[in-house]
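Basis for what follows: all heavy atoms, side chains included, without hydrogens, waters or symmetry-related copies. So you know, we letter chains A, B, ... as the sequences are listed, proteins then strands, and number each from 1.
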Amino acid sequence: MKHVIEQLVLSALDKAKNNGELEIAESPEIVIEKPKDPKMGDFSTNLAMTLAKPERKNPRAIAEVICKYLKNGGGQVERVDMAGPGFINLKMTPSFFISRLLKVAESGEDFGSSTVGKGQKVLVEYVSANPTGPLHVGHGRGAAVGNTLCNILQKAGFDIKSEYYVNDVGNQMNILGRSTLLRYQEIHQKSVEFPEDHYQGDYIKDIAGEIIEKHGAEYLDKPEEEALPFFRQVAAHWVLEGIKKDLKDFRVEFDGWFSEKTLYDDASVENALAWLRDKGYVYDKDGAVWLKSSAFQDDKDRVIVKQNGDQTYFCSDIAYHQNKINRGFEHLIDLFGADHHGYVPRMQAVMQALGYDRDVFKALLVQFVSLKRGGEKVAMSTRSGEFVTLKEVVDEVGVDAARYFFLSRSCDSHLDFDLELAKKETPENPVFYIQYAHARICNVFLTAQNQGVKVPEVSDVDLTPLVEDEEFALIKNILAFTEVVEKSALAKEVHRISHYLHDLVAVFHSYYNKHRVVTENESLTLARLFLLHCLRITIRNGLALMGISAPEKM
RNA sequence: GCGCCUGUAGCUCAGCUGGAUAGAGCAACGGACUUCUAAUCCGUAGGUCGCAGGUUCGAAUCCUGCCAGGCGUACCA
């Protein structure tokens, strides 16, 4: 919608330039805003103020010229005036909004989509938690944000694929296997010492128990070298399947699950290293192999092969990200927990070493979640196995509430997640506010239906009965949806959607309390129903982006 | 020490990349259900935007320096 206004302003500038009233040496950036006070108009621009310097004129004088040429705005501009230090305020005609509202109904599920992404191929990698134990709340935040970011980017016209990178090789896997083996022996009354750095969680005992069910004491007397691969494989599979299920239950699905192991099997890691070594970005020191990441703005060089010959995770990350680019992705977005932020410069260094622009890689850092229960902090520690899992949270508060809490805060601020609050079905809990609006609208349609009124078709609806300020406030808010999605996509800021929906729905609730929709006046009823129809589409589409349900009844 | 994030109403947070009188929700207080769901609405009250400088027509927003909290600073992930 603002693009249209932009065009109007641009053409006004052109005319002013052609008539010699303004110089306009270079075309300025047009910023269209919504004035704080609706009395000021529907749109405003500070253009005259930004032009003051290059034009060497008083901003008010410039504004006056622009206003003059804006007045013939193709019959869409009702009023244009200058205010304050040089703001230009525009008020549009009702038909300007009405004609656009019709398109909302036409677009339906598609409303909100745009082409700002220009079909650029983007790979979003998120969660990617080590498959050594169940996901906890922190992963949940990453999952909700990553999933929603994909939805938003897609809606904004990016070509998105999502991926979970499975670290299925390395020392962590060995420890997982060994933890399971030890528990297995323990259950068979064998006295074992369970090391502190092994996985303490009860799920390890569950896995061992399942192995016993199928294989009994078969592995009890086998040497560790023989038993370990089996336990490692079974445990890894068990954990990964659990993760997949938890995510699915959380409405998070991936386009792909990428196994780290395959990068070793097909020699990708080896080849990447050889290539980098050939370029002189890899060298040997102290018996280890290093990447010269300091050549690309990283603090220091990083080890990729340890003294003992094991590769670091960072090593296969190089091959993995090269692999992503080889698959044709133009932008790589990784979601990291805040504790991984040290990884960002070294990944950007990798991009450069591989010969790409460092900005091809973008990390989205998601800050920590601190879990509370009625204001009291819930302690969490992975090592001791005392963590609150995603599943537990979802079981307790439900998917909708959990996702809403994760998605309504900016990623780079710490999140206080209060389980008691998320669970409450009272006005203290903001989750239901949006859903309630949707249910209310559905109920209005039910009432209308019971009285034999049908929702009008786009082709024959008469919207002239819509005259109330609140109605136009609603229409304007609905029409802003596409821009919100666009901006949210470009800024990669997921939380804008929930704030937008909250504001949108507030306007509705207020309207609902003031005006009746289903009345004796048929043409008015039809027009209002149509407006609500468009509103319902917007709420549904917005909630769909966030992966939150839109209930018809509450 | 260095790096990243954060500091806005009693609490939880927005503030659209420098604009007009800093906004919501919750909590507090006062009102609105014989009328499409009161999980709602209307109103009142609540602020030295961490502190101090700087940049300009204009700063919560940009720059510098402090202060406070979180997270990093591994041949762990």
Side-chain angles (χ1 to χ4, degrees), chain A residues 31 33-37 40 44 46 49-50 52-53 58-59 83-87 89 128-130 132 167 170-172 197 285-290 299-300 302-314 317 337-345 365-368 370 372 375 405 408-418 421 424-433 435-437 439-448 450-451 480 483-484 487-488 491 493 495-496 498-500 502-503 505-506 508-519 525 528-529 532 553-554:
Chain A
V31 181
E33 301 186 292
K34 202 175 90 183
K36 209 155 273 180
D37 188 343
M40 296 169 175
S44 76
N46 62 350
M49 277 120 96
T50 58
K53 211 172 251 177
N58 183 324
F87 287 101
N89 293 329
S128 296
N130 271 349
T132 55
N167 295 116
N171 198 33
Q172 302 292 325
D197 64 350
K285 194 183 110 191
D286 304 333
V289 182
W290 299 69
D299 292 346
K300 48 183 158 186
R302 306 289 169 178
V303 171
I304 47 184
V305 183
K306 305 183 214 171
Q307 272 178 355
N308 67 8
D310 287 349
Q311 285 91 346
T312 60
Y313 278 76
F314 178 55
D317 276 341
D339 53 339
H340 279 57
H341 72 255
Y343 246 56
V344 179
L365 295 170
V366 182
Q367 296 293 326
F368 279 3
S370 63
K372 291 188 176 169
F405 271 76
S408 55
R409 302 280 132 83
S410 155
C411 284
D412 41 31
S413 92
H414 300 231
L415 174 64
D416 277 341
F417 191 114
D418 195 316
L421 179 62
K424 272 189 192 166
E425 296 193 0
T426 69
E428 277 175 79
N429 188 344
V431 184
F432 304 110
Y433 191 72
Q435 292 184 315
Y436 184 57
R440 247 184 172 176
I441 294 168
C442 291
N443 202 60
V444 173
F445 278 103
L446 213 60
T447 308
N450 290 340
Q451 298 186 13
E483 274 154 32
V484 171
K487 283 185 178 173
S488 176
E493 288 179 355
H495 68 282
R496 294 191 192 204
S498 79
H499 286 280
Y500 162 76
H502 191 277
D503 291 347
V505 148
F508 163 71
H509 281 308
S510 176
Y511 173 66
Y512 178 92
N513 272 274
K514 202 165 167 186
H515 303 284
R516 267 190 77 83
V517 175
V518 183
T519 60
T525 302
R528 287 183 170 173
L529 278 177
L532 257 55
K553 251 189 201 151
M554 282 175 79

**Student:** How close do A:M40 and A:N89 get, heavy atom to heavy atom, and via which atoms?
**Tutor:**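 Closest heavy-atom pair between A:M40 and A:N89: O-CB, 3.0 Å.
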**Student:** Please classify the nucleic acid contact of A:R409 as base, sugar-phosphate, or nothing, using heavy-atom distances under 4.0 Å.
**Tutor:**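 Sugar-phosphate contact only.
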**Student:** Keeping A:H495 on the side-chain end and A:C411 on the backbone end, is there a donor-acceptor pair under 3.5 Å?
**Tutor:**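 Side chain of A:H495 to backbone of A:C411: no pair is present.
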**Student:** Assign the ring pair A:Y512 / A:F508 to parallel, tilted or perpendicular, where the plane angle (0 to 90°) is split at 30° and 60°.
**Tutor:**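 Geometry flag for A:F508 against A:Y512: tilted rings.
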**Student:** Does B:rA39 have its OP1 or OP2 closer than 4.0 Å to a side-chain nitrogen or oxygen of A:R440?
**Tutor:**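 No, A:R440 has no side-chain N/O under 4.0 Å of OP1/OP2 on B:rA39.
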**Student:** Not counting sequence neighbours, which residues clear side chain to side chain contact (heavy atoms under 4.5 Å, CB included) with A:T312? List them please.
**Tutor:**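 Testing A:T312 for side chain to side chain contact (heavy atoms under 4.5 Å, CB included), a comparison that skips the adjacent residues, returns A:V303, A:I304, A:K306, A:F314, A:C315.
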**Student:** In whole Å, what separates the C1' atom of B:rC26 from that of B:rA45?
**Tutor:**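 It comes out at 15 Å once rounded to the nearest Å.
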**Student:** Quiz question: by atom type and distance under 3.5 Å, do the side chains of A:R409 and A:H414 form a donor-acceptor pair?
**Tutor:**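 No.
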**Student:** Should A:N171 and A:D310 count as side-chain neighbours, where that means a heavy-atom distance under 4.5 Å?
**Tutor:**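 When only atoms from C-beta onward are counted, A:D310 and A:N171 do not touch, as no gap falls below 4.5 Å.
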**Student:** Would you please name every residue forming a side-chain hydrogen bond (donor to acceptor under 3.5 Å, both in side chains) with A:Q172, sequence neighbours left out?
**Tutor:**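 Applying side-chain hydrogen bond (donor to acceptor under 3.5 Å, both in side chains) to A:Q172 gives A:Y199.
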**Student:** To the nearest Å, how far apart are A:H502 NE2 and B:rG23 C1'?
**Tutor:**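 Between C1' of B:rG23 and NE2 of A:H502: 12 Å.
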**Student:** Just how far, in rounded Å, is P of B:rG25 from NE2 of A:H509?
**Tutor:**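 The answer, rounded to whole Å, is 11 Å.
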**Student:** State which residues pass side-chain hydrogen bond (donor to acceptor under 3.5 Å, both in side chains) with A:T519; sequence neighbours excluded, sorted by chain then number.
**Tutor:**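 side-chain hydrogen bond (donor to acceptor under 3.5 Å, both in side chains) check on A:T519 returns A:T525.
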**Student:** Using a cut-off of less than 4.0 Å, is there contact between a side-chain N or O of A:S408 and OP1 or OP2 of B:rA24?
**Tutor:**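 So the side chain of A:S408 is outside the cut-off, no N or O lying under 4.0 Å from OP1 or OP2 of B:rA24.
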**Student:** Without decimals, in angstroms, what is the distance between A:Y433 OH and B:rA38 C1'?
**Tutor:**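 So the two atoms are 13 Å apart, to the nearest Å.
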**Student:** If we take the C1' atom in both B:rA14 and B:rG25, what is their distance in whole Å?
**Tutor:**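 10 Å, rounded to whole Å.
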**Student:** With sequence neighbours left out, what residues match A:D418 under salt bridge (Lys or Arg N to Asp or Glu O under 4.0 Å)?
**Tutor:**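 Here no residue qualifies.
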**Student:** In this structure, which stretches of RNA chain B are paired as stems of three or more consecutive Watson-Crick or G-U pairs, both distances less than 3.5 Å?
**Tutor:**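 Correct response: B:1-7 with B:67-73, B:10-13 with B:23-26, B:28-32 with B:40-44, B:50-54 with B:62-66.
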**Student:** What distance, rounded to whole Å, do you find between the two C1' atoms, one in B:rG53 and one in B:rU48?
**Tutor:**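 To the nearest whole Å, 16 Å.
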**Student:** How does protein reach along nucleotides 70-77 of chain B, written 5' to 3' as B (base within reach of a heavy atom under 4.0 Å), S (only sugar-phosphate), or - (no contact)?
**Tutor:** SBSSSBSB
**Student:** Take atom CG of A:D418 and atom C1' of B:rA27, then tell me their distance rounded to the nearest Å.
**Tutor:**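 Taking CG of A:D418 and C1' of B:rA27, I get 14 Å after rounding.
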**Student:** If I pick the P atom on B:rA68 and the same atom on B:rG10, what distance separates them, to the nearest angstrom?
**Tutor:**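 Roughly 22 Å separates the two P atoms.
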**Student:** How close do A:V305 and A:G309 get, counting heavy atoms only, and between which atoms?
**Tutor:**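 Residues A:V305 and A:G309, closest heavy atoms: CG1-O, 3.6 Å.
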**Student:** Write down the protein N/O and nucleotide N/O pairs, taken from nucleotides 42-44 of chain B, whose separation is under 3.5 Å; answer none if there are no such pairs.
**Tutor:**
from   : atom 1 : to     : atom 2 : distance (Å)
B:rC42 : OP1    : A:S510 : OG     : 3.0

**Student:** Is any side-chain heavy atom of A:Q367 closer than 4.5 Å to one of A:L415?
**Tutor:**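 Not in contact.
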**Student:** Sequence neighbours excluded, which residues qualify as ring pair (Phe, Tyr, Trp, His ring centres under 6.0 Å) partners of A:Y313?
**Tutor:**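 If we apply the ring pair (Phe, Tyr, Trp, His ring centres under 6.0 Å) test to A:Y313, skipping adjacent residues, there are no hits.
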**Student:** Using salt bridge (Lys or Arg N to Asp or Glu O under 4.0 Å) as the criterion, list what pairs up with A:R496, not counting sequence neighbours.
**Tutor:**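 Once residues adjacent in sequence are excluded, the partners of A:R496 under the salt bridge (Lys or Arg N to Asp or Glu O under 4.0 Å) criterion are A:E493.
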**Student:** Just to verify, what does A:Y511 make a side-chain hydrogen bond (donor to acceptor under 3.5 Å, both in side chains) with, not counting sequence neighbours?
**Tutor:**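 Once residues adjacent in sequence are excluded, the partners of A:Y511 under the side-chain hydrogen bond (donor to acceptor under 3.5 Å, both in side chains) criterion are A:E471, A:R528.
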**Student:** Given atom NE2 of A:H495 and atom P of B:rA24, what is their separation to the nearest angstrom?
**Tutor:**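 For the pair A:H495 NE2 and B:rA24 P, the rounded distance is 17 Å.
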**Student:** Once you round it to whole Å, what is the distance between P of B:rA39 and OH of A:Y512?
**Tutor:**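 Those two atoms, OH and P, are 10 Å apart.
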**Student:** Syn or anti for B:rU6, taking syn as within 90° of 0?
**Tutor:**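 That one's anti.
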**Student:** Counting side-chain heavy atoms from C-beta on, which of B:rC13, B:rA14, B:rU6 comes nearest to A:D416?
**Tutor:**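 When the side chain of A:D416 is considered, B:rC13 is the closest of B:rC13, B:rA14, B:rU6.
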**Student:** Using a distance-only test with no angle check, is there a side-chain donor-acceptor pair under 3.5 angstrom linking A:T132 and A:N130?
**Tutor:**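 Short answer, no.
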**Student:** Roughly how far apart, to the nearest Å, are B:rU73 and B:rC57 at atom C1'?
**Tutor:**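 That atom pair is separated by 44 Å.
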**Student:** Taking the same atom, P, in B:rG50 and in B:rU61, what whole-Å distance lies between them?
**Tutor:**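 Per the computed distance, 8 Å lies between those P atoms.
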**Student:** Rounded to the Å, how far apart are A:N513 CG and B:rU40 P?
**Tutor:**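 The answer, rounded to whole Å, is 10 Å.
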**Student:** Could you check if the base of B:rC5 is syn or anti? Syn means the glycosidic torsion is within 90 degrees of 0.
**Tutor:**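 Here B:rC5 takes the anti form, which means its glycosidic angle is more than 90° from 0.
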**Student:** Could you check how far CG of A:L421 sits from P of B:rA39, rounded to whole Å?
**Tutor:**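 Going from A:L421 (CG) to B:rA39 (P), I get 17 Å.
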**Student:** For A:S488, what residues pass the side-chain hydrogen bond (donor to acceptor under 3.5 Å, both in side chains) criterion, not counting sequence neighbours?
**Tutor:**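 So A:S488 forms no side-chain hydrogen bond (donor to acceptor under 3.5 Å, both in side chains) with any residue.
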**Student:** When the P atoms of B:rG30 and B:rG69 are considered, how many whole Å apart are they?
**Tutor:**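 Taking atom P in both B:rG30 and B:rG69, they lie 40 Å apart.
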**Student:** Need one value for A:A448: base, sugar-phosphate or nothing, where a base atom within 4.0 Å counts as base even if backbone is also close, heavy atoms only.
**Tutor:**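 Touches nothing.
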**Student:** Strictly under 3.5 Å: I want the nitrogen or oxygen pairs between protein and nucleotides 17-21 of chain B, one per line.
**Tutor:**
from   : atom 1 : to    : atom 2 : distance (Å)
B:rG19 : N7     : A:N46 : ND2    : 2.9
B:rA20 : OP2    : A:K36 : NZ     : 3.0
B:rA20 : N6     : A:S44 : OG     : 3.3
B:rA20 : N6     : A:N89 : OD1    : 2.9
B:rA20 : N1     : A:N89 : ND2    : 3.4

**Student:** What distance, rounded to whole Å, do you find between the two P atoms, one in B:rA22 and one in B:rC16?
**Tutor:**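 B:rA22 and B:rC16 have their P atoms separated by 15 Å.
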